[in-house]
Amino acid sequence: TNTLSMPFYMAGLWLLSRSFFKSPENPDKTFIAGKDRIFCLLAGFLLYIGIAIRATVGITAIALGIAVVLFKKFRKRDFMNLLVCFLGVAMGICMLKPVIHKYVNYDYSDAAFPPIHWVMRGAGGEGTFNKADEEFTTYFEKAQDKKNADRIMLNQRINGLSGGVTPVFP
């Protein structure tokens, strides 16, 4: 999914950076009225595709947004470009969601890790990736079973760390 999502979010980020960070020494000589807005609309659409493939693409988009706010003098034109980018994301949702639901008929509810899984992983070992933790959680088929098993494992780890204090997650 990293490789598949990369062209979409890189193209989206390139279009956004081209719209927001123009060099004053080298302005666009081929200015077309509204070109920045077209870039932003297309960028939002491409970023949505990247996020639909792999959600971590959103982190990169958020980082660019922070960079725009912190390192650029924000003008009315920039605000409008940002709104047009969000319009591109909305356009992507409206156009691609029905297609995804039609052709990708898969229920993800039991495939995902519950939030407590990440807490359980952080409470054990050195805090690094542990294949055994991943295999432990994926062993269970249903989401509720995964959640219950991770809760039990978390309580065991907390008891091991604290010397027998009452479990935090009953």
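- Follow the hydrophobic side-chain contacts under 4.5 Å out from L46 and you reach M91 in the same cluster.
- Looking at R151, its side chain never comes within 3.5 Å of a backbone N or O of I116 through a donor-acceptor pair.
- Transitive grouping of hydrophobic side chains (ILVMFWY, heavy atoms separated by less than 4.5 Å) keeps V99 and F8 in distinct clusters.
- Here the straight-line distance linking atom OG1 of T137 with atom CZ of R121 works out to 7.5 Å at 0.5 Å rounding.
- R157 and D133 are joined by a salt bridge, as a carboxylate oxygen and a charged side-chain nitrogen come within less than 4.0 angstrom of each other.
- To the nearest 0.5 angstrom, N81 atom CG is 9.0 Å from L16 atom CG.
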> Y48 and K97: side-chain contact (heavy atoms from CB on, under 4.5 Å), yes or no, with the steps?
Replying inline: CA-CA 10 Å; Y48 172 74; K97 276 283 189 187; 3.5 Å; yes
> Can you check side-chain contact (heavy atoms from CB on, under 4.5 Å) on R37 and M80, steps first, answer last?
Replying inline: CA-CA 8 Å; R37 300 236 165 70; M80 292 302 293; 3.2 Å; yes
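- Smallest separation of non-hydrogen atoms from G50 and S5: O-CB, 3.8 Å.
- Rounded to the nearest 0.5 Å, atoms CD1 (I100) and CD1 (I53) are 8.5 Å apart.
- For N159 (side chain) and N155 (main-chain N/O), a donor-acceptor pair under 3.5 Å exists by modelled atom type.
- Under the 4.5 Å side-chain contact rule for hydrophobic residues, I59 and M10 do not share a cluster.
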>> Test side-chain contact (heavy atoms from CB on, under 4.5 Å) on T138 and F113; report intermediate values, then the result.
In response: CA-CA 8 Å; T138 55; F113 288 139; 3.5 Å; yes
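- The CG atom of L42 lies 10.0 Å from the CH2 atom of W14; values are rounded to the nearest 0.5 Å.
- Two different hydrophobic clusters hold F136 and W118 under the rule that ILVMFWY side chains link at heavy-atom gaps under 4.5 Å.
- A donor-acceptor pair shorter than 3.5 Å cannot be found between the side chains of N130 and E134.
- Taking each heavy atom of L154 and A123 in turn, the nearest pair found is CD1-CB, 3.6 Å.
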> Going through the checks in order, is the side-chain contact (heavy atoms from CB on, under 4.5 Å) test met by I152 and Q156?
Replying inline: CA-CA 6 Å; I152 290 168; Q156 289 173 355; 3.8 Å; yes
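- Hydrophobic cluster membership is shared by F140 and M153, with clusters built from Ile, Leu, Val, Met, Phe, Trp and Tyr side chains linked at under 4.5 angstrom.
- Summarising the geometry, atom CE belonging to M120 is positioned 4.0 Å from atom CG belonging to D150; distances are rounded to the nearest 0.5 Å.
- We find the CZ-CG distance between F86 and L47 to be 10.0 Å, quoted to the nearest 0.5 Å.
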